[in-house]
Asker: 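Shown below is the structure under consideration.
As the structure lists them, so they are numbered: ligands from 1, and atoms in each ligand from 1.
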Amino acid sequence: MTEINLEQKEVLKAVFFILLAFISMFLVLVLFFYFSRKKIVQIEVEKKNIEIDNQKKILQNTIETQEEERKRIAQDLHDDISSKLNIVSLNTHLLRTPNLKDEELHDITQNIIELTKKALDNSRRIAHDLLPPVLEKFGLHAGIEELVFECNSSKSVAVEYLNSAKKESLESLSAGTQLHIFRILQELINNSLKHGKAKKITISLENFSNQIKLLYHDDGLGFNSNDTNVKSGIGMSNIASRVTIINGLSDIFTKPNEGFQFQLIFAYE
Ligand SMILES: Nc1ncnc2c1ncn2[C@@H]1O[C@H](COP(=O)(O)OP(=O)(O)O)[C@@H](O)[C@H]1O
Ligand SMILES: [Mg+2]
(Lines give C-alpha, C1' and ligand atoms only; values in the text may rest on other atoms or scores of the structure.)
(Ligands and ions follow the chains in the order given, each with its own letter.)
Protein backbone atom coordinates (compact mmCIF):
# COMPACT_ATOMS: atom_id res chain seq x y z
CA MET A 1 0.00 0.00 0.00
CA THR A 2 2.69 2.48 1.08
CA GLU A 3 4.77 1.45 -1.97
CA ILE A 4 1.85 2.33 -4.28
CA ASN A 5 1.42 5.65 -2.50
CA LEU A 6 5.10 6.39 -2.89
CA GLU A 7 4.96 5.53 -6.60
CA GLN A 8 1.89 7.72 -7.06
CA LYS A 9 3.65 10.54 -5.30
CA GLU A 10 6.68 10.13 -7.60
CA VAL A 11 4.40 10.19 -10.66
CA LEU A 12 2.59 13.26 -9.36
CA LYS A 13 5.93 14.92 -8.68
CA ALA A 14 7.09 14.11 -12.22
CA VAL A 15 3.83 15.40 -13.71
CA PHE A 16 4.17 18.53 -11.60
CA PHE A 17 7.72 19.19 -12.83
CA ILE A 18 6.80 18.46 -16.43
CA LEU A 19 3.89 20.88 -16.14
CA LEU A 20 6.16 23.41 -14.50
CA ALA A 21 8.68 22.96 -17.32
CA PHE A 22 5.89 23.43 -19.91
CA ILE A 23 4.54 26.51 -18.15
CA SER A 24 8.04 28.02 -17.89
CA MET A 25 8.70 27.22 -21.56
CA PHE A 26 5.37 28.77 -22.44
CA LEU A 27 6.19 31.86 -20.39
CA VAL A 28 9.64 32.11 -21.98
CA LEU A 29 8.06 31.81 -25.43
CA VAL A 30 5.42 34.43 -24.62
CA LEU A 31 8.09 36.79 -23.29
CA PHE A 32 10.30 36.07 -26.30
CA PHE A 33 7.48 36.86 -28.75
CA TYR A 34 6.44 39.88 -26.74
CA PHE A 35 9.94 41.39 -26.76
CA SER A 36 10.74 40.48 -30.35
CA ARG A 37 7.38 41.97 -31.43
CA LYS A 38 8.26 45.09 -29.42
CA LYS A 39 11.65 45.24 -31.13
CA ILE A 40 10.00 44.85 -34.58
CA VAL A 41 7.52 47.62 -33.79
CA GLN A 42 10.40 49.79 -32.54
CA ILE A 43 12.38 49.19 -35.76
CA GLU A 44 9.28 49.99 -37.81
CA VAL A 45 8.68 53.21 -35.89
CA GLU A 46 12.34 54.17 -36.48
CA LYS A 47 11.97 53.39 -40.20
CA LYS A 48 8.81 55.52 -40.41
CA ASN A 49 10.59 58.36 -38.58
CA ILE A 50 13.47 58.22 -41.07
CA GLU A 51 10.93 58.25 -43.92
CA ILE A 52 9.16 61.27 -42.40
CA ASP A 53 12.53 63.04 -41.95
CA ASN A 54 13.37 62.35 -45.61
CA GLN A 55 9.97 63.66 -46.74
CA LYS A 56 10.56 66.78 -44.64
CA LYS A 57 13.99 67.28 -46.23
CA ILE A 58 12.51 66.87 -49.71
CA LEU A 59 9.77 69.38 -48.91
CA GLN A 60 12.30 71.82 -47.52
CA ASN A 61 14.51 71.41 -50.60
CA THR A 62 11.53 71.93 -52.88
CA ILE A 63 10.59 75.12 -51.05
CA GLU A 64 14.21 76.34 -51.10
CA THR A 65 14.46 75.63 -54.83
CA GLN A 66 11.18 77.46 -55.46
CA GLU A 67 12.39 80.45 -53.47
CA GLU A 68 15.71 80.46 -55.33
CA GLU A 69 13.94 80.23 -58.65
CA ARG A 70 11.57 83.07 -57.70
CA LYS A 71 14.53 85.21 -56.68
CA ARG A 72 16.28 84.49 -59.98
CA ILE A 73 13.15 85.23 -62.02
CA ALA A 74 12.57 88.47 -60.08
CA GLN A 75 16.17 89.49 -60.73
CA ASP A 76 15.94 88.58 -64.42
CA LEU A 77 12.69 90.52 -64.79
CA HIS A 78 14.18 93.50 -63.00
CA ASP A 79 17.53 93.55 -64.81
CA ASP A 80 16.56 92.41 -68.28
CA ILE A 81 13.02 93.68 -68.78
CA SER A 82 11.93 96.39 -66.32
CA SER A 83 15.13 98.42 -66.72
CA LYS A 84 14.78 98.33 -70.52
CA LEU A 85 11.07 99.22 -70.47
CA ASN A 86 11.89 102.14 -68.17
CA ILE A 87 14.25 103.59 -70.77
CA VAL A 88 11.67 102.92 -73.50
CA SER A 89 9.16 104.89 -71.42
CA LEU A 90 11.61 107.79 -70.95
CA ASN A 91 12.34 107.84 -74.68
CA THR A 92 8.64 107.79 -75.54
CA HIS A 93 8.11 110.84 -73.33
CA LEU A 94 10.99 112.53 -75.13
CA LEU A 95 9.02 112.16 -78.37
CA ARG A 96 6.57 114.74 -76.98
CA THR A 97 9.31 117.39 -76.82
CA PRO A 98 8.28 120.24 -79.14
CA ASN A 99 10.32 121.12 -82.24
CA LEU A 100 12.42 117.93 -82.36
CA LYS A 101 14.86 117.83 -85.24
CA ASP A 102 14.58 114.91 -87.70
CA GLU A 103 17.90 113.55 -86.52
CA GLU A 104 16.82 113.59 -82.84
CA LEU A 105 13.52 111.96 -83.73
CA HIS A 106 15.39 109.23 -85.62
CA ASP A 107 17.75 108.57 -82.66
CA ILE A 108 14.95 108.38 -80.14
CA THR A 109 12.81 106.01 -82.23
CA GLN A 110 15.86 103.87 -83.04
CA ASN A 111 16.57 103.62 -79.32
CA ILE A 112 12.98 102.58 -78.62
CA ILE A 113 13.07 99.93 -81.37
CA GLU A 114 16.34 98.45 -80.11
CA LEU A 115 15.32 98.41 -76.45
CA THR A 116 11.91 96.85 -77.13
CA LYS A 117 13.61 94.16 -79.23
CA LYS A 118 16.04 93.42 -76.37
CA ALA A 119 13.19 93.32 -73.83
CA LEU A 120 11.29 90.92 -76.12
CA ASP A 121 14.33 88.67 -76.58
CA ASN A 122 14.92 88.65 -72.84
CA SER A 123 11.31 87.81 -72.02
CA ARG A 124 11.51 84.93 -74.50
CA ARG A 125 14.72 83.70 -72.84
CA ILE A 126 13.20 83.92 -69.35
CA ALA A 127 10.11 81.98 -70.48
CA HIS A 128 12.39 79.44 -72.18
CA ASP A 129 14.39 78.97 -68.96
CA LEU A 130 11.22 78.47 -66.96
CA LEU A 131 9.88 75.78 -69.24
CA PRO A 132 11.79 74.89 -72.40
CA PRO A 133 9.10 74.88 -75.12
CA VAL A 134 10.76 72.00 -76.99
CA LEU A 135 10.33 69.79 -73.93
CA GLU A 136 6.61 70.53 -73.79
CA LYS A 137 6.05 70.20 -77.54
CA PHE A 138 8.40 67.36 -78.53
CA GLY A 139 9.30 65.57 -75.30
CA LEU A 140 12.40 64.57 -73.37
CA HIS A 141 14.54 63.27 -76.24
CA ALA A 142 14.16 66.50 -78.26
CA GLY A 143 14.69 68.53 -75.07
CA ILE A 144 17.99 66.78 -74.36
CA GLU A 145 19.04 67.15 -78.00
CA GLU A 146 18.48 70.91 -77.76
CA LEU A 147 20.33 71.14 -74.45
CA VAL A 148 23.27 69.20 -75.94
CA PHE A 149 23.24 71.37 -79.06
CA GLU A 150 23.35 74.55 -76.96
CA CYS A 151 26.29 73.20 -74.90
CA ASN A 152 28.21 72.08 -78.00
CA SER A 153 27.75 75.44 -79.70
CA SER A 154 29.53 77.09 -76.75
CA LYS A 155 32.66 75.16 -77.94
CA SER A 156 33.96 74.94 -74.36
CA VAL A 157 32.87 71.33 -74.03
CA ALA A 158 32.02 68.38 -76.30
CA VAL A 159 28.78 66.65 -75.31
CA GLU A 160 27.82 63.31 -76.80
CA TYR A 161 24.26 62.04 -76.46
CA LEU A 162 23.13 58.52 -77.30
CA ASN A 163 19.53 57.41 -77.02
CA SER A 164 18.63 53.76 -77.51
CA ALA A 165 15.52 53.76 -75.31
CA LYS A 166 12.31 52.72 -77.04
CA LYS A 167 10.30 55.69 -78.26
CA GLU A 168 7.13 54.46 -76.50
CA SER A 169 8.98 54.17 -73.19
CA LEU A 170 10.06 57.81 -73.32
CA GLU A 171 6.67 58.98 -74.60
CA SER A 172 4.90 57.26 -71.72
CA LEU A 173 6.75 59.37 -69.14
CA SER A 174 4.61 62.07 -67.54
CA ALA A 175 5.42 65.72 -68.31
CA GLY A 176 6.51 66.11 -64.67
CA THR A 177 8.99 63.22 -64.85
CA GLN A 178 10.42 64.52 -68.14
CA LEU A 179 10.96 67.95 -66.60
CA HIS A 180 12.65 66.44 -63.51
CA ILE A 181 15.07 64.47 -65.69
CA PHE A 182 15.75 67.51 -67.84
CA ARG A 183 16.48 69.65 -64.74
CA ILE A 184 18.74 66.92 -63.33
CA LEU A 185 20.73 66.95 -66.58
CA GLN A 186 20.94 70.75 -66.57
CA GLU A 187 22.37 70.69 -63.03
CA LEU A 188 24.80 67.86 -63.87
CA ILE A 189 26.08 69.77 -66.92
CA ASN A 190 26.40 73.00 -64.91
CA ASN A 191 28.43 71.16 -62.28
CA SER A 192 30.66 69.46 -64.86
CA LEU A 193 31.51 72.83 -66.39
CA LYS A 194 31.67 74.88 -63.20
CA HIS A 195 33.37 72.47 -60.79
CA GLY A 196 34.79 69.70 -62.96
CA LYS A 197 36.14 71.91 -65.77
CA ALA A 198 35.16 68.96 -67.97
CA LYS A 199 36.03 68.89 -71.67
CA LYS A 200 33.92 65.87 -72.59
CA ILE A 201 30.51 64.79 -71.38
CA THR A 202 28.54 61.73 -72.42
CA ILE A 203 24.83 61.21 -71.81
CA SER A 204 22.94 58.05 -72.64
CA LEU A 205 19.41 56.76 -72.30
CA GLU A 206 18.63 53.08 -72.62
CA ASN A 207 16.01 50.56 -71.58
CA PHE A 208 16.87 48.43 -68.61
CA SER A 209 14.36 45.58 -68.02
CA ASN A 210 11.08 47.49 -67.59
CA GLN A 211 12.80 50.72 -66.74
CA ILE A 212 14.91 53.45 -68.24
CA LYS A 213 18.56 53.98 -67.40
CA LEU A 214 20.19 57.39 -67.68
CA LEU A 215 23.98 57.43 -67.64
CA TYR A 216 25.96 60.63 -67.33
CA HIS A 217 29.71 60.91 -67.40
CA ASP A 218 32.26 63.74 -67.45
CA ASP A 219 36.05 63.66 -67.74
CA GLY A 220 36.55 66.49 -65.23
CA LEU A 221 38.21 66.93 -61.85
CA GLY A 222 35.73 64.78 -59.88
CA PHE A 223 35.68 64.90 -56.10
CA ASN A 224 35.93 62.77 -53.00
CA SER A 225 32.47 61.18 -52.78
CA ASN A 226 32.96 60.42 -49.05
CA ASP A 227 33.14 64.11 -48.31
CA THR A 228 29.67 64.83 -46.88
CA ASN A 229 30.07 68.61 -47.29
CA VAL A 230 30.38 68.20 -51.02
CA LYS A 231 27.22 66.15 -51.46
CA SER A 232 25.09 68.49 -49.36
CA GLY A 233 25.20 71.36 -51.89
CA ILE A 234 21.82 72.68 -52.99
CA GLY A 235 22.28 71.41 -56.55
CA MET A 236 23.09 67.86 -55.52
CA SER A 237 20.31 67.71 -52.93
CA ASN A 238 17.87 69.03 -55.52
CA ILE A 239 18.91 66.16 -57.76
CA ALA A 240 18.34 63.73 -54.87
CA SER A 241 14.87 65.23 -54.25
CA ARG A 242 13.93 64.96 -57.92
CA VAL A 243 15.13 61.32 -57.98
CA THR A 244 12.91 60.55 -54.96
CA ILE A 245 9.92 62.34 -56.51
CA ILE A 246 10.12 60.18 -59.67
CA ASN A 247 10.70 57.04 -57.55
CA GLY A 248 14.07 56.52 -59.17
CA LEU A 249 17.31 55.01 -57.94
CA SER A 250 20.52 56.93 -58.43
CA ASP A 251 24.22 56.41 -57.80
CA ILE A 252 27.28 58.60 -58.06
CA PHE A 253 30.78 57.33 -58.85
CA THR A 254 33.58 59.85 -58.62
CA LYS A 255 37.14 60.26 -57.36
CA PRO A 256 39.46 63.26 -57.40
CA ASN A 257 40.89 63.67 -60.93
CA GLU A 258 38.95 60.66 -62.23
CA GLY A 259 35.83 62.35 -63.59
CA PHE A 260 32.27 62.14 -62.41
CA GLN A 261 29.61 59.56 -63.21
CA PHE A 262 25.91 59.56 -62.38
CA GLN A 263 23.45 56.75 -62.96
CA LEU A 264 19.69 56.96 -62.66
CA ILE A 265 17.15 54.17 -63.10
CA PHE A 266 13.46 54.98 -63.19
CA ALA A 267 10.27 53.26 -64.25
CA TYR A 268 7.96 54.15 -67.09
CA GLU A 269 4.25 53.36 -67.36
N1 LIG B 1 30.86 67.09 -62.04
C2 LIG B 1 31.51 67.53 -60.94
N3 LIG B 1 32.86 67.63 -60.95
C4 LIG B 1 33.53 68.04 -59.86
N5 LIG B 1 32.95 68.39 -58.70
C6 LIG B 1 31.61 68.34 -58.63
C7 LIG B 1 30.82 67.90 -59.74
N8 LIG B 1 29.54 67.90 -59.37
C9 LIG B 1 29.51 68.34 -58.11
N10 LIG B 1 30.74 68.60 -57.65
C11 LIG B 1 31.10 69.03 -56.28
O12 LIG B 1 29.94 68.93 -55.48
C13 LIG B 1 29.67 70.17 -54.84
C14 LIG B 1 28.18 70.34 -54.68
O15 LIG B 1 27.55 70.58 -55.91
P16 LIG B 1 26.15 71.29 -55.91
O17 LIG B 1 25.29 70.64 -54.87
O18 LIG B 1 25.64 71.29 -57.30
O19 LIG B 1 26.41 72.75 -55.37
P20 LIG B 1 26.96 74.04 -56.15
O21 LIG B 1 27.02 73.71 -57.61
O22 LIG B 1 25.93 75.07 -55.82
O23 LIG B 1 28.29 74.29 -55.52
C24 LIG B 1 30.35 71.20 -55.71
O25 LIG B 1 30.68 72.34 -54.98
C26 LIG B 1 31.58 70.46 -56.20
O27 LIG B 1 32.59 70.50 -55.21
MG1 LIG C 1 25.57 72.89 -58.77
Asker: Distance under 4.0 Å to a non-hydrogen atom of Lys194: what atoms of ligand 1 satisfy this?
Answerer: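 Within the 4.0 Å cut-off of Lys194, ligand 1 contributes 21 (O).
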Asker: So, are Lys57 and Asp53 salt-bridged, with charged N and O less than 4.0 Å apart?
Answerer: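 Not counted as a salt bridge, because no side-chain N and carboxylate O are separated by less than 4.0 Å.
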Asker: Any N or O on Gly233 sitting closer than 3.5 Å to an N or O of ligand 1?
Answerer: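 The answer is yes, given that Gly233 and ligand 1 share an N or O pair closer than 3.5 Å.
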Asker: Taking the ring centre of each residue, are His217 and Phe253 less than 6.0 Å apart?
Answerer: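 No.
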Asker: Indicate if the distance from the Mg ion (ligand 2) to the nearest N, O or S atom of Asn190 falls below 2.8 Å.
Answerer: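 False for Asn190.
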Asker: Is the shortest side-chain N to carboxylate O distance from Lys117 to Asp121 below 4.0 Å?
Answerer: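 Between Asp121 and Lys117 there is a salt bridge, with a charged N closer than 4.0 Å to a carboxylate O.
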Asker: Looking only at N, O or S atoms, which one in Glu187 sits nearest to the Mg ion (ligand 2)?
Answerer: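 For Glu187, the N/O/S atom sitting closest to the Mg ion (ligand 2) is OE2.
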Asker: Should we say atom CD of Glu103 is surrounded by more than 12 heavy atoms from elsewhere, each under 6.0 Å from it?
Answerer: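 Open.
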Asker: Pull out every atom of ligand 1 sitting under 4.0 Å from any heavy atom of His195, numbered as shown with elements.
Answerer: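 Answer, ordered by atom number: 4 (C), 5 (N), 6 (C), 20 (P), 21 (O), 23 (O), 24 (C), 25 (O), 26 (C).
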Asker: Polar contacts were defined as any N/O atom of the residue lying under 3.5 Å from an N/O atom of the ligand; does this apply to Phe223 and ligand 1?
Answerer: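 It does not: no N or O of Phe223 is found under 3.5 Å from an N or O of ligand 1.
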Asker: Verify the distance criterion only: is there a donor paired with an acceptor across the side chains of Gln186 and Asn190 at less than 3.5 Å?
Answerer: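 Result is no, nothing qualifies.
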Asker: Can you name the atoms of ligand 1, numbered from 1 with element, that are less than 4.0 Å from a heavy atom of Ser192?
Answerer: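 Matching atoms, with element in brackets: 1 (N).
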Asker: Using a 4.0 Å heavy-atom threshold (strictly under), name the region of Leu221 that reaches ligand 1: side chain, backbone, both or neither.
Answerer: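 No part of Leu221 is near ligand 1 at this cut-off.
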Asker: Using a strict cut-off of 4.0 Å, indicate which atoms of ligand 1 neighbour a heavy atom of Gly196.
Answerer: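 Listed by number with element: 3 (N), 4 (C).
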